[in-house]
Engineer: 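Below you'll find the structure I mean.
Just so it is clear, the values below take in all heavy atoms, side chains as well, and ignore hydrogens, waters and symmetry mates. The shown structure was predicted, so the numbers you read here are calculated from the model rather than taken from an experiment.
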Amino acid sequence: MSIIRPELAWLGGAFRDGVEVQLDGDRIAAVVPTADEPTHPGMALLPGFVNAHSHAFQLSLRGRGEVFPTDQESFWTWREAMYDLVESLDADDVAETAWRCFMEMRGVGITSVGEFHYFHHDDAQRNFAMDVAVLEAARMAGMRIALLQGAYTAGGFGEPLAGGQYRFDTVDHDTWLRSLDAVSAQCEAGTQTTGAVIHSLRAVPLEQAIAIRAEAKRRDIVVHAHLEEQPAEIEACIAAHGCTPMQLVNADLSPGPDMTLVHCTHTRPQDMAVYANAGGRVCLCPMTEANLGDGISDLPGMLSSGVEVSLGTDSNARISMIEEMRMAELGQRLSLQRRGVCVDDEGRVGSTLFDMATVNGARGLGLDAGVIAPGMLADFLLVDLDCAWLSSVDQDDLAGALVLSGSDDLIVDACVGGVWGDELFPMME
């Protein structure tokens, strides 16, 4: 049994002092009041950030899509740059890139990642070599990972695969099932789990999407999908099916708390209300959505409808959950021309955004994480309270200050399953 007595701990939506957190292996055994001196003076203990949506290989795109020769650049031209990258990478490249990506995440307090994984092959033989490479990279980085195994069999609604998309090809439902079994067998007990991915309804025909959804229910694993990130996707779906992608989800894919839809940037409020009523979840990736010019989602509508919203770093052009939280709030302020959008019942912005970056993502990945409470995984981050710019911040205002004014430099260390980074990587001290 080990103990942590921080200066402050994030409990029940507020920073509290006089707290002792007792650990038993990789779990929290108890959280009790204490009058003893802190073991970590001048530091605040928070649940580790949960990155609910990542494509680790896209770290290698940094800078490559930031030259704009025409005034027609968009998500779709960025996608072509991504395909060009994909055709140049092998399994060793992906392993190194994923390791660098996960190490960077640990350095900014991310302790769990939902790796939305659809880049499977390093040659034309459909060898699924990238799957094992990503799991090994997470293990080496000490990162908790939910490998969300992606199905990808079409180049669009009714269109064949083309170009770099062949590196994603899962062929058919049985081939995807075998790949899911293979990665599940490779997962390291305690820190690695799997989930199901319908890449998108343009990349997975509806019949197969329905089969994947049924299999996820049978296995009791989560299912994630990209949805309605771009108006062109919605228009193509209406042309193919006579309805929007979200209407297809609501009608045919049995949404519920085990489902997370990523982006929903252009989802109609009435469709989101049906999805919310079924208990479905949403993951937003504010910095990627801004980078790609996707637009700004109806986050206030999601929150008012009861949708549990999580956050992801998606393309990993910039890895910072503090900035994802900040962008989620400030993007809405710019769009709506008002302040205080992501607020709790007391009007505080910090607790809602911290939930998005921790417990909401954990639930969407099926992880016992994101909360400092007995029985939960011992995944934490430490924040330096002794830095100069926090010296005038009251305890009650600390959450808002961290979200709206903080930087990643404040994060001292991260802990996954009771193991701190300075223990795992002593030479990096």
Side-chain angles (χ1 to χ4, degrees), residues 1-52 102 105-114 138-139 141-146 187-193 222 257 308 310-311 321 350-385 395 398-399 402 410-425:
M1 177 96 52
S2 59
I3 61 170
I4 306 170
R5 290 194 295 270
E7 193 79 32
L8 299 173
W10 181 255
L11 299 173
F15 282 105
R16 307 184 189 281
D17 54 18
V19 172
E20 178 175 288
V21 181
Q22 300 173 357
L23 309 184
D24 185 5
D26 67 348
R27 297 269 174 172
I28 300 170
V31 181
V32 298
T34 182
D36 292 343
E37 290 295 312
T39 59
H40 293 70
M43 297 185 189
L45 185 75
L46 287 81
F49 292 137
V50 178
N51 182 357
F102 298 149
M105 288 179 190
R106 276 204 67 134
V108 297
I110 295 169
T111 54
S112 297
V113 61
R139 187 193 66 78
M143 173 66 65
R144 189 180 305 284
I145 185 172
C187 282
E188 187 173 82
T191 58
Q192 299 186 341
T193 57
V222 300
E308 204 165 79
S310 58
L311 297 174
M321 291 304 282
S351 64
T352 299
L353 290 169
F354 276 152
D355 280 354
M356 289 183 188
T358 56
V359 65
N360 292 2
R363 290 173 181 149
L365 297 176
L367 301 176
D368 296 333
V371 178
I372 300 175
M376 303 299 283
L377 289 162
D379 293 359
F380 312 108
L381 63 90
L382 284 173
V383 168
D384 180 10
L385 297 175
Q395 182 173 326
L398 180 59
L402 288 173
L410 294 168
I411 297 171
V412 177
D413 201 356
C415 175
V416 176
V419 180
W420 293 95
D422 60 4
E423 301 172 35
L424 194 60
F425 311 110

Engineer: Report yes if some heavy atom in the side chain of V371 is under 4.5 Å from a heavy atom in the side chain of P47; otherwise report no.
Structural biologist: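 No; the side chains remain at least 4.5 Å from each other.
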Engineer: Show which side-chain atoms of residues 374-381 pair as donor or acceptor with protein atoms under 3.5 Å away, not counting sequence neighbours.
Structural biologist:
from	atom 1	to	atom 2	distance (Å)
D379	OD1	R144	NH2	3.0
D379	OD1	G417	N	2.7
D379	OD2	R144	NE	2.8
D379	OD2	R144	NH2	3.4

Engineer: So how far is it from Q22 CD to I4 CD1, rounded to the nearest 0.5 Å?
Structural biologist: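 Q22 atom CD to I4 atom CD1 measures 10.5 Å (nearest 0.5 Å).
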Engineer: Test of understanding: with side chain to side chain donor-acceptor pair (under 3.5 Å), list the residues that count as partners of Q395, not counting sequence neighbours.
Structural biologist: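 Partners of Q395 by the side chain to side chain donor-acceptor pair (under 3.5 Å) criterion come out as none, since no residue qualifies.
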Engineer: Minimum heavy-atom separation for A362 to A369, with atom names?
Structural biologist: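 That would be CB-O, 3.1 Å.
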Engineer: Kindly give the heavy-atom pair with the smallest separation between G350 and A399, and that separation in Å.
Structural biologist: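 Heavy-atom minimum between the residues: CA-CB, 4.0 Å.
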Engineer: Search all heavy atoms of V222 against all heavy atoms of G366 and return the closest pair with its distance.
Structural biologist: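 Answer, listing the atom of V222 first, then G366: CG1-N, 3.9 Å.
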Engineer: Any side-chain to backbone donor/acceptor pair from D384 onto V412? Under 3.5 Å, distance only.
Structural biologist: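 Not at all, since once roles are kept as given, no pair shorter than 3.5 Å links the two residues.
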Engineer: Determine which pairs satisfy side chain to side chain donor-acceptor pair (under 3.5 Å) with at least one residue from residues 105-114, sequence neighbours left out, and list them in order.
Structural biologist: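 Sorted result for residues 105-114: empty, none.
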Engineer: Pairs in or reaching into residues 356-375: which pass salt bridge (Lys or Arg N to Asp or Glu O under 4.0 Å), with residues at least two apart or in two chains?
Structural biologist: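 For residues 356-375, and leaving out neighbouring residues, the salt bridge (Lys or Arg N to Asp or Glu O under 4.0 Å) pairs sorted by first residue read R27-D368, E308-R363.
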Engineer: A side-chain contact here means heavy atoms from C-beta on lying under 4.5 Å apart; do I3 and L23 qualify?
Structural biologist: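 SC-SC contact between I3 and L23 ruled out.
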Engineer: Could you work out, with side chain to side chain donor-acceptor pair (under 3.5 Å) as the rule, every residue matching T193, not counting sequence neighbours?
Structural biologist: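 Per chain and number, T193 pairs via side chain to side chain donor-acceptor pair (under 3.5 Å) with no residue.
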Engineer: Excluding sequence neighbours, so at least two apart, what forms side-chain contact (heavy atoms from CB on, under 4.5 Å) with V113?
Structural biologist: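 Partners of V113 by the side-chain contact (heavy atoms from CB on, under 4.5 Å) criterion, ordered by chain and then number, come out as N51, S54, F102, M105, E115, M143, I145.
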Engineer: List in chain and number order the residues that pass side-chain contact (heavy atoms from CB on, under 4.5 Å) with P41, two or more places apart in sequence or in another chain; answer none if no residue qualifies.
Structural biologist: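 Listed in chain order: E7, P38.
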Engineer: Rounded to the nearest 0.5 Å, what separation is found between the CG atom of L45 and the CG atom of L8?
Structural biologist: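 Here the rounded value is 10.0 Å.
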Engineer: What I'd like to find out is whether the side chain of L385 reaches to under 4.5 Å of the side chain of L398, using heavy atoms alone.
Structural biologist: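 In contact.
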Engineer: Apply side-chain contact (heavy atoms from CB on, under 4.5 Å) to A357 and list each qualifying residue two or more places apart in sequence or on a separate chain.
Structural biologist: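 With sequence neighbours excluded, A357 shows a side-chain contact (heavy atoms from CB on, under 4.5 Å) to F49, L311, M321, M325, given in chain and number order.
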Engineer: Would you list the pairs meeting side chain to side chain donor-acceptor pair (under 3.5 Å) in which at least one residue belongs to residues 31-49, sequence neighbours left out?
Structural biologist: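 For residues 31-49, and leaving out neighbouring residues, there are no side chain to side chain donor-acceptor pair (under 3.5 Å) pairs at all.
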Engineer: Any side-chain heavy atom of L402 within less than 4.5 Å of one from F15?
Structural biologist: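 Counting from C-beta outward, L402 and F15 do come under 4.5 Å.
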Engineer: Give me each pair satisfying salt bridge (Lys or Arg N to Asp or Glu O under 4.0 Å) with a member in residues 16-26, each pair once, sequence neighbours excluded.
Structural biologist: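 Residue pairs passing salt bridge (Lys or Arg N to Asp or Glu O under 4.0 Å), neighbours aside: R5-E20.
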Engineer: Write down the atom of A414, the atom of G109, and the distance for their closest heavy-atom approach.
Structural biologist: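 That would be CB-CA, 4.2 Å.
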Engineer: Tell me, please, which residues at least two apart from F354 pass ring pair (Phe, Tyr, Trp, His ring centres under 6.0 Å).
Structural biologist: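 In terms of ring pair (Phe, Tyr, Trp, His ring centres under 6.0 Å), with neighbours along the sequence ignored, F354 is linked to W10.
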